Number of protein chains: 2
Amino acid sequence: MTILLGKDKPAARYEQVKSYILSRIETGEWEVGHRLPSESELVDLLGVSRMTVHRALRELTVDGVVTRAQGVGTFVAEPLKRVELLELRDIAEDIVSNGHTHTTRVITLDAIRADSDLAMAFGQRPGARLFHSIIVHLEDGTPLQVEERFVSPHFAPDYLEQDFSLSHPHRHLSSISHPEEIEHVVFAVTPSQETCDLLDLDAPEACLQLMRRTWVDERVVMKGIFTYPGSRYSFVGRYRP
Amino acid sequence: MTILLGKDKPAARYEQVKSYILSRIETGEWEVGHRLPSESELVDLLGVSRMTVHRALRELTVDGVVTRAQGVGTFVAEPLKRVELLELRDIAEDIVSNGHTHTTRVITLDAIRADSDLAMAFGQRPGARLFHSIIVHLEDGTPLQVEERFVSPHFAPDYLEQDFSLSHPHRHLSSISHPEEIEHVVFAVTPSQETCDLLDLDAPEACLQLMRRTWVDERVVMKGIFTYPGSRYSFVGRYRP
DNA sequence: CAGTGGTCTAGACCACCCA
DNA sequence: GGGTGGTCTAGACCACTGG
């Protein structure tokens with residue numbers, strides 16, 4: 001077995017320009033806010049054409065390494081704040097991709113009137129009409145999630161006509177349009193008796209609860225509350241920053 | 001009050017080329033896997049130079065809209081799978097940015113020998129030496145998080161010499177190097193009596209637990225277990241995809 | 001006004017892939 | 001070998017900024 005690495009193809013010139021600039025920044029020679037040489041100065045300095053310099057700087061701008069302003073110059077940007085992320089996967093895909101069978105039980109599918117909390121969540125007046133569903137997701141017959149959703153009728157007028165034992169709400173809502181904004185809140189809760197029953201829990205145990213609100217056209221169109229038994233489910237994510 | 005929008009500056013030509021291609025894809029005229037016209041064909045078709053076409057296609061490649069292969073062509077890519085993300089924020093920053101005061105109590109700071117579970121988590125043999133810390137984070141004097149960490153001595157040889165009542169482990173570890181890979185697992189648990197005591201909980205209540213492992217040079221260098229009382233803390237994230 | 005970045009062109013050379 | 005994408009150049013025009 002042979003190992004082939006680095007076919008010693010020289011890096012492209014714009015990559016070399018990027019490296020040149022990055023190394024100046026990393027060594028501290030150019031600090032945050034420092035003004036870089038102009039494009040034409042870099043042309044003279046590095047002996048490449050302006051388009052090449054420009055491409056290097058443009059890519060560094062996209063990466064957040066520098067900021068640029070027409071008529072002003074190019075400056076070393078604030079280092080990016082590192083964020084640590086957790087991917088929230090769709091439960092159905094999660095179950096199927098792990099080789100299990102996914103089924104659902106539709107408990108409730110109706111229209112309701114918003115109480116004051118719901119009205120607040122949707123930015124509407126109390127009494128506004130909302131569609132409402134409660135569905136249990138099972139993995140090989142074992143309940144893994146209770147999902148309760150409230151949906152704006154204006155956004156999904158056909159919500160109540162769907163057969164969610166076949167295609168779940170997530171699919172239906174995605175087929176209409178993708179949200180412009182999403183809010184997630186993850187709680188730990190002790191579930192209600194009703195939730196315990198739906199999850200086949202003999203005694204109340206700590207549950208994960210995920211609340212999601214989605215916006216379209218600046219309006220809340222969906223609020224979902226997803227409850228998972230702590231002993232059977234966890235959110236797992238592994239990634240390379 | 002006047003509203004100024006769209007200064008009717010015509011979009012750049014490469015943006016127009018992108019729009020042209022995107023609209024063909026969105027209308028379904030070019031389906032997934034369809035081969036796009038070559039760069040030189042687009043040059044003739046759209047009456048712009050090849051560099052302009054190339055920039056448009058390069059940016060669409062970065063965005064995952066098309067895939068390209070030298071000597072082969074440009075093809076419509078599979079639509080990106082939408083992932084929903086939750087940002088896991090540093091507890092200290094979280095508390096301070098909300099206008100509260102953050103303090104810590106260092107409970108434990110010592111070296112231990114890995115049991116079989118820890119050895120598994122670190123990919124080492126049982127009995128391997130690991131640094132260990134337990135710290136409580138408080139918001140205005142109320143415990144919000146118990147963090148327990150296990151750290152590879154090889155990665156952070158000075159770990160035991162740190163004063164974590166001033167600078168917490170996250171800062172110390174970040175100052176050494178940033179992880180190449182991160183794994184997160186979020187649980188809901190009923191806490192042990194010891195954890196209840198550290199969190200000032202009168203009775204056990206559902207707690208959020210976040211487990212994090214980080215890798216540097218293909219090796220696990222840190223495992224942390226963060227426990228939050230469900231009644232006092234939740235992970236919140238809001239973003240625009 | 002001079003200097004900056006943003007864009008665009010026409011032409012060129014190259015590595016790569018496939019028939 | 002002919003077509004593909006990847007790169008690079010020299011020169012150009014423009015909009016924007018600051019003094």
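Keep in mind that this is a model prediction, so the values were computed, not measured. We name chains A, B, ... by the order of the sequence lines, and we start the count at 1 in each one.
Comment: Glu147(B) engages Arg149(B) in a salt bridge, judged by a side-chain N to carboxylate O separation of less than 4.0 angstrom.
Against DNA chain C, the stretch residues 60-71 of chain A makes heavy-atom approaches under 4.0 Å through Arg68(A), Ala69(A), Gln70(A), Gly71(A).
For Arg129(A), there are no salt bridge (charged side-chain N to carboxylate O under 4.0 Å, His left out) partners two or more places apart in sequence or in a different chain.
The nearest whole Å value for the distance from the NE2 atom in His54(A) to the P atom in dG3(C) is 20 Å. In this structure, CG of Leu36(B) is placed 19 Å from P of dG3(D), rounded to the nearest angstrom. Atom CZ in Arg55(A) sits about 18 Å away from atom P in dG5(C), given to the nearest Å. The nearest whole Å value for the distance from the CD atom in Gln16(B) to the P atom in dC8(C) is 8 Å. The CD1 atom of Ile21(B) sits 11 Å away from the P atom of dG5(D) (whole-angstrom rounding). Atom CD in Glu59(A) sits about 14 Å away from atom C1' in dC8(D), given to the nearest Å. Atom CG in Leu46(B) sits about 17 Å away from atom C1' in dA10(C), given to the nearest Å. In this entry the distance linking CZ of Arg58(B) with C1' of dT4(D) reads 16 Å, nearest Å.
Aromatic ring centres of His102(B) and His168(B) lie closer together than 6.0 Å. Aromatic pair Tyr159(A)/Phe150(A): centroids not less than 6.0 angstrom apart.
Neither OP1 nor OP2 of dC8(D) sits under 4.0 Å from any side-chain N or O of Tyr14(A). One finds a side-chain N or O of Arg13(B) lying less than 4.0 angstrom from the OP1 or OP2 phosphate oxygen of dT9(C). In this structure, Ser49(A) does not reach the dC8(D) phosphate: none of its side-chain N or O atoms is under 4.0 Å from OP1 or OP2. Taking only side-chain nitrogens and oxygens, Thr52(A) comes nearer than 4.0 Å to OP1 or OP2 of dT9(D). Within the structure, a side-chain polar atom (N or O) of Ser38(B) is placed less than 4.0 Å from OP1 or OP2 of dT4(D).
At a threshold of 4.5 Å between non-hydrogen side-chain atoms, the residues Ile95(A) and Thr101(A) do not count as touching. Side chains of Arg58(B) and Tyr14(B) form no contact here, defined as non-hydrogen atoms less than 4.5 Å apart. Considering only heavy atoms from C-beta on, Lys18(B) comes within 4.5 Å of Asp63(B) through its side chain.
Between Tyr233(B) and Phe235(B), the ring planes are perpendicular. Angles over 60° get that label, and only those under 30° would be called parallel.
Considering only side-chain atoms of Thr74(B), the nucleotide from dG5(D), dT7(D), dT9(D) that sits closest is dG5(D). Considering only side-chain atoms of Ser40(B), the nucleotide from dG6(C), dT9(D), dT4(D) that sits closest is dT4(D).
Residue-to-nucleotide proximity on DNA chain D shows that, of Val48(A) and Arg35(B), the 5′-proximal contact is made by Arg35(B).
A donor-acceptor contact closer than 3.5 angstrom is absent between the side chains of Thr142(A) and Asp140(A).
Taking each heavy atom of Glu161(A) and Pro157(A) in turn, the nearest pair found is OE1-O, 3.8 Å.
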Quick one: which protein N/O atoms are closer than 3.5 Å to N/O atoms of nucleotides 11-13 of chain D? Pair and distance per line, please.
| residue | atom | partner | partner atom | Å |
| --- | --- | --- | --- | --- |
| dA12(D) | N6 | Arg50(A) | NH1 | 3.1 |

